[in-house]
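The chain is numbered in sequence order, starting from 1. Heavy-atom basis, side chains included; hydrogens, waters and symmetry copies ignored.
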Amino acid sequence: MSQQLKFKGTALFNGRQLLPGSMVLVLSDKGIVQDIVHESMAGDDVQQLNGLLSPGFVNTHCHLELSHLSGAVPRGTGLPAFLTSVMEKRAQQDALAQEAAMQQAATAMWESGISAVGDICNGTASLAFKKDTPIYYHSFIECMGFVPGFAQQRYEYSLDVLRQFREVNGPGHSCSIVPHAPYSVSEALFSLLSNTPDNTPISIHNQECEAENKLYQDKTGAFLDFYQHFNMDASAFTATGTNSLPAWLPWFKQLPVLLVHNTYTTQQDIAFTREHAPQAYWCLCPQANLYIENRMPDVALLRSQGCTITLGTDSLASNHQLSIWQEIQTIRKYYSNIALEEILQWATLNGARALGIDGKYGSFEKGRQPGVTLIDEKESRRIL
């Protein structure tokens, strides 16, 4: 008979609600949830732990490929300048250094209690270590190209990357091909991406800076300089007279869509999303937003509109660590009125639903195997 594992903390979060410290989490020796019972019913061998017990975190937005750029891009430059710096530094990257940095970052995520990651991939750099890793990865194969004439070529390149990642698919991995951002994807490329069969969920960097909305409103702003710097021909782009979101979202209506950052999203954008993408998830990466734009997303607006929120860490190029608990702490610093119970659901069950893996991850429901994270005020760490 297999041995049971029993954990009791100062409180127990089950994926939806915070339970008192008198409740005991009962798992199989493989970490599969068997029950949550009162301590009076738990029997012997209960491990007493000093901290809050939570299902493993789900990091719905990460760029492991950029881990080697830790500290390489200065803070507070604004997004167009940040992107310029990342694109120029990527061209000089050392493959061995990149691989070592990714491994180190992935290990740190696992040890901090992150069980599943939505990871942005522009190439196959992370492919090898995803074949054998304890973390569940959904690899978002990111496609970009603002010049319509190159849409087919860019799409076929990313499709080839997708094919290679699909060979890894199994219990610990899945993947989909997705647009990078409204300012880097042409209408022709959006059309190709939207017609890709069996391709879900969709992820996109959304309204991370004011310049993105300005581009779509009247074709002005910092992205025009960005295109000129990289000799990109933006002449085919026509402003829609709206914010960026209404211009592209209808391509993906009825699909699960993960909208990432949302730092300059308005109430009208949210209303439009509710109508055109009822399965939308709103991913917040507050530490990256502070690092790049020195601005927090409007969490109060998203909550008031009933948005389903998830959390991400972005990359080590725009963050000092890939820790979901640190993202939670940042939100609590700026929005002290939000109950910890609510934010923990963003970090667990909501994230698992966004990646389509809530059958295993995100909650302590019977039969799930989400991993167990222990949290105190300073840090989070994996105990199973």
Side-chain angles (χ1 to χ4, degrees), residues 61 63 65 79-80 83-84 86-87 90-91 118-125 138-166 175-209 211-217 219 221-262 269 272-273 276-277 280 283:
H61 184 74
H63 294 253
E65 287 178 353
L79 187 70
L83 290 169
T84 300
V86 167
M87 287 170 70
R90 283 188 87 150
D119 186 40
I120 301 293
C121 307
N122 294 112
T124 56
H138 182 95
S139 295
F140 289 112
I141 312 306
E142 197 169 66
C143 190
M144 63 181 82
F146 199 62
V147 180
F150 292 111
Q152 189 68 40
Q153 181 184 331
R154 291 301 186 95
Y155 179 63
E156 285 174 7
Y157 167 80
S158 296
L159 269 186
D160 184 56
V161 175
L162 180 73
R163 278 192 288 272
Q164 293 178 68
F165 273 91
R166 279 194 169 156
C175 54
S176 52
I177 184 172
V178 300
H180 167 249
Y183 54 79
S184 63
V185 175
S186 66
E187 271 200 32
L189 189 51
F190 269 125
S191 178
L192 289 168
L193 289 165
S194 70
N195 286 300
T196 307
D198 305 317
N199 190 53
T200 184
I202 299 300
S203 168
I204 187 169
H205 294 79
N206 178 59
Q207 296 172 311
E208 194 175 351
C209 65
E212 180 183 313
N213 283 333
K214 287 291 291 175
L215 178 68
Y216 276 79
Q217 286 161 4
K219 201 176 178 177
F223 275 115
L224 296 184
D225 297 329
F226 174 82
Y227 300 141
Q228 190 173 7
H229 178 82
F230 286 106
N231 295 315
M232 295 181 198
D233 180 5
S235 59
F237 176 79
T238 305
T240 57
T242 66
N243 277 356
S244 60
L245 184 142
W248 65 264
L249 188 65
W251 288 112
F252 301 101
K253 56 188 175 189
Q254 309 312 318
L255 284 177
V257 178
L258 184 63
L259 301 156
V260 181
H261 293 302
N262 316 303
D269 295 323
F272 187 90
T273 304
H276 291 86
C283 174

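Close placement of the His138 and Phe140 rings is indicated, their centers lying within 6.0 Å of each other.
Contact between Leu193 and Asn199 at its shortest, heavy atoms only, is O-ND2, 4.4 Å. For the residue pair Gly145 and Arg154, the shortest heavy atom distance occurs at CA-NH1, 4.0 Å. A pairwise comparison of heavy atoms in Asp269 and Pro246 identifies OD1-CD, 3.8 Å as the closest pair. Residues Leu259 and Ala280 come closest through the heavy atom pair CD1-CB, 4.2 Å. For the residue pair Pro148 and Ser186, the shortest heavy atom distance occurs at CA-OG, 3.8 Å. Between Thr124 and Phe165, the shortest heavy-atom contact is CA-CE1, 4.0 Å.
Atom CD of Gln228 has 12 or fewer neighbouring heavy atoms from other residues, nucleotides or ligands inside a 6.0 Å radius. Around atom CD of Gln164, more than 12 heavy atoms belonging to other residues, nucleotides or ligands sit under 6.0 Å away. Surrounding CZ of Phe150 are at most 12 heavy atoms belonging to other residues, nucleotides or ligands under 6.0 Å away.
Rounding to the nearest 0.5 Å places CG of Asn213 at 12.0 Å from CD of Glu208. Atoms OG1 and CD, on Thr200 and Gln254 in that order, are 12.0 Å from each other to the nearest 0.5 Å. Rounding to the nearest 0.5 Å gives a distance of 4.5 Å between SG of Cys121 and CD1 of Ile141. Taking OG1 of Thr196 as the start and CG of Leu162 as the end, the distance is 8.0 Å to the nearest 0.5 Å. Interatomic distance, NE2 of His180 versus OG of Ser158, reported as 11.5 Å (0.5 Å rounding). Between the OH atom of Tyr155 and the OG atom of Ser191 there is a distance of 9.5 Å, given to the nearest 0.5 Å.
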Query - Gln207/Ser244 under side-chain contact (heavy atoms from CB on, under 4.5 Å): CA gap, chis, key distance, verdict - result: CA-CA 7 Å; Gln207 296 172 311; Ser244 60; 3.5 Å; yes
Query raised in the report: Going through the distances and angles, do Trp248 and Val185 end up as a side-chain contact (heavy atoms from CB on, under 4.5 Å)?
Result: CA-CA 10 Å; Trp248 65 264; Val185 175; over 6 Å; no
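Under the 4.5 Å side-chain criterion, counting only non-hydrogen atoms from C-beta, Cys143 is in contact with Leu189. Counting only heavy atoms from C-beta outward, the side chains of Ile204 and Val178 never approach each other to under 4.5 Å. A heavy-atom distance below 4.5 Å is not found between the side chains of Phe252 and His276. Side-chain contact check for Leu249 versus Phe272: some heavy-atom pair is nearer than 4.5 Å. Counting heavy atoms from C-beta outward, Asn243 and Tyr216 have side chains that stay 4.5 Å or more apart. Contact annotation: the side chain of Arg166 approaches that of Cys175 to within less than 4.5 Å [non-hydrogen atoms, C-beta and beyond]. Looking at heavy atoms from C-beta onward, Pro179 lies in side-chain contact with Ile202 at the 4.5 angstrom threshold. In this structure, Lys219 and Leu224 have side chains that are in contact, with non-hydrogen atoms separated by less than 4.5 Å.
With hydrogens and angles left out, the side-chain atoms of His61 and Ser203 include no donor and acceptor closer than 3.5 Å. Residues Glu142 and Asn122 bring a donor and an acceptor atom of their side chains to less than 3.5 Å of each other.
Partner of Phe223 under the ring-ring contact (aromatic ring centres under 6.0 Å, His included) criterion, chosen from Tyr183, Phe230, Phe237: Tyr183.
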